[in-house]
Amino acid sequence: MGMALAYRLTESGNTVDVFEREEQLGGLATHHDFGGFFWDRFYHVILPSDRCLIRFINDIGLGDELRWRQTRTGFYVDGRMHSISNSIEFLRFPLLSLIDKFRLALTMIYSSRIDNWQRLEKLPVDEWLRKVSGRRTYEKMWRPLLLAKLGDNYRRVSAVFIWSYIKRLFSARDSSASKEQLGHVTGGYKQVFEVLRQRIEDSAGSVQCGVSVESIRGGRDGGIDVRVAGEEGLRHYDKVVCTSPVPVLRQLADERLLTVKEGNGDVEYLGVVCVVLVTKKPVVPFYVVNIADDTIPFTGVIGMSSVVDPAFTDGRYLTYLPKYVISTDGWLKKSDEAIRGLFLDGLRRMLPDFDESVIERVVVNRAFRVQPLQVIDFSEIVPTVETRHSDFFALNTAQFLNATLNNNEVVRSVDEFLDNHRADFGGGSGA
């Protein structure tokens, strides 16, 4: 979000400094050295409907680096793998009757056309899915997937949680061909952030990694003063935008700069443990395998090489095995060795014929805060931030009340923010 905002500001003639506490840019979209090649630490794809993100990629000069591929979807249940990648395979899917499949298809279409998310926020996801899909479809498909994704926490989640996923992922399917199309930028998000950094620095700005901001306060004669770790004096800016999470924002910013209105409760976050396999052959022929089996420790199998040609990953295949848990769950504190053992054991049970000799590397990544848990009346729980200084602004992903956390939504929110504050950032010698 910070880098996208910084680039947009340079487009209007501003000079921008970016401070990133981590050593690498990107946050959840950062990269990893897999040995011989770099790729995203966590799995990311671009959908044909990601209009804001695609426009942004074109704007920074990487439009010609977009690659699209047809992908397939699998479903693992009762010890068997099923392909449901097109209409014919869906109709042949043995888990559901014809009526069940019809109701499931209607649920997808109906969800993709709902715009009034506020009504869904008051409905428990399990009750809503039973109503629109039917009891059998819910028990056979939705409930196992909710358990895999959220554990017992699914009982506290609103219908917005599943609606936001359906609405976005449904758009990945080409309705004319009934086939999924997914894309990526060559070089992954590493290349995106390298180009962004170069564009910002070409506009006389700077991007500094491994640098922490210690405090933000109003300047004596207007503008904003920023204290950067390791520097004696203060830096002065005409404007400052903080893209940190609300708890960090509250620590950094002087209380005279903003008002935080507490919500009706505490925001809980989903974290993720994500094991990445680097192999000489593909693990599955699908981009995603949805797992309806709570004995498997991970919540899905993401065959990234179904989207990314192995030519871009040194002839190797990438497979991601994620497990989503509440951010305080003990899974996030397990050792890498323990997680590798548990996940590989689960893979053996799921794919007994898989040849483990093709595995070259097993990498364990984790993130403690991926996205908020969208419980009932989530919008009333989220703290709201109002800035009280004309030169100080805040923008962060806590403001995503009715969408999944993805890079298209990040770019959309940045563009909307600048549209709303065009008079404040019209361009000039400093930002």
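Atom set for the values below is all heavy atoms of this structure, side chains included, hydrogens, waters and symmetry mates excluded.
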[X]: salt bridge (charged side-chain N to carboxylate O under 4.0 Å, His left out) partners, not counting sequence neighbours:
X	answer
Glu380	Lys122
Arg8	Glu11, Asp59, Asp415
Arg155	Asp152

> Would you find more than 12 non-hydrogen atoms of other residues, nucleotides or ligands less than 6.0 Å from Ile99 atom CD1?
Replying inline: no
Strictly by modelled atom types, are [X] and [Y] linked by a side-chain donor-acceptor pair under 3.5 Å?
X	Y	result
Asp202	Gln198	yes
Gln374	Ser158	no
Gln181	Thr71	no

> Does the ring centre of Tyr7 sit less than 6.0 Å away from the ring centre of Phe56?
Replying inline: yes
Distance-only donor-acceptor hits, side chain of residues 333-344, under 3.5 Å, sequence neighbours excluded:
residue: Ser335; atom: OG; partner: Ala338; partner atom: N; Å: 3.1
residue: Asp336; atom: OD1; partner: Arg366; partner atom: NH2; Å: 2.2
residue: Arg340; atom: NE; partner: Val362; partner atom: O; Å: 3.1

> Quick one: side-chain contact (heavy atoms from CB on, under 4.5 Å) partners of Leu106, sequence neighbours excluded?
Replying inline: Phe102
> For Arg136, what residues pass the side-chain contact (heavy atoms from CB on, under 4.5 Å) criterion, not counting sequence neighbours?
Replying inline: Asp100, Lys140
Okay, side chain of [X], backbone of [Y]: is any donor-acceptor separation there less than 3.5 Å?
X	Y	answer
Thr30	Leu25	yes
Thr137	Gly134	no
Ser305	Leu318	yes

>> I'd like to know whether Trp39 forms a ring-ring contact (aromatic ring centres under 6.0 Å, His included) with His184, so could you lay out the CA-CA distance, the side-chain angles of the two residues, the decisive distance to 0.1 Å, and finally the verdict.
In response: CA-CA 11 Å; Trp39 203 260; His184 70 93; 5.6 Å; yes
